[in-house]
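This report concerns only the one structure given below.
These numbers come from a predicted model, not from an experiment.
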2 protein chains.
Amino acid sequence: MSSAPRSLDAVQLGAYFALIEASSLLRHAVDQQLHEAGDLSYVQFQLLATLGDAPGGSRRMTDLADGVVYSRSGLTYQAQTLEKRGLVSRAPSRDDERSITVTITDEGRAVLAQVFPGHVAVLEELLFAALSPSDVETLAEILTRARDHMRQAPPRSAAPRRRRKAARAARA
Amino acid sequence: MSSAPRSLDAVQLGAYFALIEASSLLRHAVDQQLHEAGDLSYVQFQLLATLGDAPGGSRRMTDLADGVVYSRSGLTYQAQTLEKRGLVSRAPSRDDERSITVTITDEGRAVLAQVFPGHVAVLEELLFAALSPSDVETLAEILTRARDHMRQAPPRSAAPRRRRKAARAARA
DNA sequence: TATTGTTATACTCTATAACTATA
DNA sequence: TATAGTTATAGAGTATAACAATA
């Protein structure tokens, strides 16, 4: 347990507010573009894009969640929605019968392609227009470090399931 | 209209993903802390914090929205929620009878104080622990610039009301 | 006994459009 | 006629707990 300081200095506050607000504004704008161009929510786009980059366009449900969604049921919900639209398919994994492998379909890739130019345009106009190439590089370096740290940080009360062992005992 | 490039380079992609993911992880963690410590959503916290910093603890509804909420009805909803809990009060403005002035109450300030140490602790552990003071400074500078640019950028289809003039004519 | 994923359910939040009242 | 705010309503998303099936 580290001794947490009483408060933050002005620079820290500035960085925190700017981070939250910039990402919020950006995400809101991108979200709108995605809805207009392809009727996709941001989360759905993230899932499709993740699959699009994955080898074979496939990923197990559990691995897919990573950083995009914070609960299992949330992922199931989104996967179902995408499947109904024919943008992904789901099938039991061959090696582990418990897992489901999600795969992006051709139609899913088409929607991705359809949405992508506008997506890039929003990023250019909103985020990169105000930054020099060197700014972008610096930003990437610092934020990547921050993200990696957060990812491995012990989730305060997260770990949805892993932590529930006690509950079952209490019921008996 | 600028000629938007076909795609982004690897560094830009890295910066974009890191920004979205870092802010998402951070916001999720902070949101949980706020719920546990004071039964506040992140938006509610932002509104209270904004009021806490405002002169007299007051702000007009419209001015309060700024960057926190993206629709008028959304703000009304949150303001009502906070008022029911006694954390803010609302009264017609004296100078303009159309506007409502929202003011943080003593109880609102108490909740803010109750929640604040844990809030700072999360930020320290998750965001600042991985960054040097100089990183934080750099981050603040760049992201502030980005945010300010986004704020003044023409909202593609935003401006909830301002843009609706045509709709009325169509109904006639 | 732990893990993978689904379901049911309840709740929070957001957005649109129609409306009232003041400027 | 434009602005400030509310309401009704509907939809999207999220989380928790209980559940089934596999390892």
Side-chain angles (χ1 to χ4, degrees), chain A residues 24 27-28 31-32 34-36 39-47 59-65 68-84 90-102 157-172, chain B residues 24 27-28 31-32 34-36 39-47 59-65 68-84 90-102 157-172:
Chain A
S24 177
R27 187 161 169 157
H28 191 255
D31 199 72
Q32 277 192 185
L34 291 172
H35 270 287
E36 288 164 13
D39 194 27
L40 289 178
S41 70
Y42 194 78
V43 168
Q44 290 166 353
F45 171 75
Q46 283 181 297
L47 294 174
R59 212 106 160 183
R60 291 171 58 221
M61 286 287 279
T62 296
D63 302 334
L64 193 54
V68 174
V69 143
Y70 298 95
S71 77
R72 287 156 170 282
S73 62
L75 180 54
T76 296
Y77 170 77
Q78 293 296 353
Q80 284 171 341
T81 302
L82 290 173
E83 192 179 33
K84 272 176 208 153
R90 291 187 298 169
S93 307
R94 259 169 307 293
D95 46 313
D96 185 338
E97 289 272 326
R98 291 172 303 183
S99 345
I100 299 281
T101 297
V102 189
S157 75
R161 226 57 157 243
R162 249 145 284 252
R163 205 159 286 247
R164 290 283 157 218
K165 295 173 208 162
R168 217 163 281 212
R171 290 199 67 251
Chain B
S24 175
R27 187 161 168 156
H28 191 255
D31 199 73
Q32 277 192 185
L34 291 172
H35 271 288
E36 289 164 13
D39 194 26
L40 289 179
S41 71
Y42 194 76
V43 169
Q44 289 165 354
F45 171 74
Q46 282 181 297
L47 294 175
R59 214 106 158 180
R60 291 170 58 221
M61 285 289 278
T62 294
D63 301 335
L64 194 52
V68 174
V69 144
Y70 298 95
S71 77
R72 287 155 170 282
S73 61
L75 180 55
T76 296
Y77 170 77
Q78 294 296 353
Q80 283 171 341
T81 303
L82 290 173
E83 191 178 35
K84 271 176 207 153
R90 292 188 296 169
S93 307
R94 258 167 308 293
D95 46 314
D96 185 338
E97 287 273 325
R98 292 172 302 181
S99 345
I100 300 281
T101 296
V102 189
S157 76
R161 234 45 165 249
R162 249 143 283 253
R163 207 159 286 246
R164 290 284 156 219
K165 294 173 206 163
R168 218 163 281 213
R171 289 201 66 252

Length of the line joining [X]:[atom1] and [N]:[atom2], which is rounded to integer Å:
X: Leu75(B); N: dT7(D); atom1: CG; atom2: C1'; result: 14 Å
X: Asp63(B); N: dG5(D); atom1: CG; atom2: C1'; result: 13 Å
X: Glu83(B); N: dG5(D); atom1: CD; atom2: P; result: 14 Å
X: Met61(A); N: dA21(D); atom1: CE; atom2: C1'; result: 15 Å
X: Tyr42(A); N: dT14(C); atom1: OH; atom2: P; result: 18 Å
X: Gln32(B); N: dT14(D); atom1: CD; atom2: P; result: 14 Å
X: Asp31(A); N: dG11(D); atom1: CG; atom2: C1'; result: 14 Å
X: Leu64(A); N: dT4(C); atom1: CG; atom2: P; result: 14 Å

Could I get the full list of side chain to side chain contact (heavy atoms under 4.5 Å, CB included) partners for [X], not counting sequence neighbours?
X: Ser93(B); answer: Arg60(B), Asp95(B), Ser99(B), Thr101(B)
X: Ile100(B); answer: Met61(B), Arg90(B)
X: Val69(A); answer: Val43(A), Leu75(A)

Atom pairs, N/O to N/O, protein against nucleotides 7-12 of chain C, distance under 3.5 Å?
residue : atom : partner  : partner atom : Å
dT7(C)  : OP2  : Gln80(A) : NE2          : 2.5

- Query: Which comes earlier along DNA chain C counting from the 5' end, the contact point of Leu40(B) or that of Thr101(A), where each point is its nearest nucleotide?
  - Reply: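 Its nucleotide being nearer the 5' end, the pick is Thr101(A).
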- Message: Can you tell me if Ser99(B) touches the phosphate of dA4(D), counting only side-chain N or O atoms and a distance under 4.0 Å to OP1 or OP2?
- Response: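 Result: no.
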- Note on the structure: Under the rule of Watson-Crick or G-U wobble with both distances under 3.5 Å, where | means paired to another strand and [ ] a crossing pair, DNA chain D maps to |||||||||||||||||||||||
- Which atoms form the tightest heavy-atom contact between Phe45(A) and Leu34(A), and what is the distance?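 Nearest heavy atoms, Phe45(A) then Leu34(A): CB-CD1, 3.6 Å.
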- Asp63(B) versus Arg59(B), closest heavy-atom pair with distance: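 Closest heavy-atom pair between Asp63(B) and Arg59(B): CB-CG, 4.0 Å.
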Counting heavy atoms from C-beta on, name the nucleotide in [options] closest to the side chain of [X].
X: Tyr70(A); options: dA15(D), dG5(D), dA15(C); result: dA15(D)
X: Ile100(B); options: dT6(C), dA15(D), dG5(D); result: dG5(D)
X: Arg60(A); options: dA15(C), dT4(C), dA4(D); result: dT4(C)

- Query: When rounded to the nearest 0.5 angstrom, what distance separates OG in Ser24(B) from CG in Asp31(B)?
  - Reply: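 If I round to the nearest 0.5 Å, the distance is 10.5 Å.
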- In terms of side-chain heavy atoms, does Tyr77(B) have a donor or acceptor partner in Ser71(B) at a distance below 3.5 Å?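 No pair is found: no donor N or O on one side chain lies under 3.5 Å from an acceptor on the other.
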Set out, line by line, the N/O atom pairs under 3.5 Å between protein and nucleotides 21-23 of chain C.
residue : atom : partner  : partner atom : Å
dA23(C) : OP1  : Glu97(B) : N            : 3.1
dA23(C) : O4'  : Arg98(B) : NH1          : 3.4

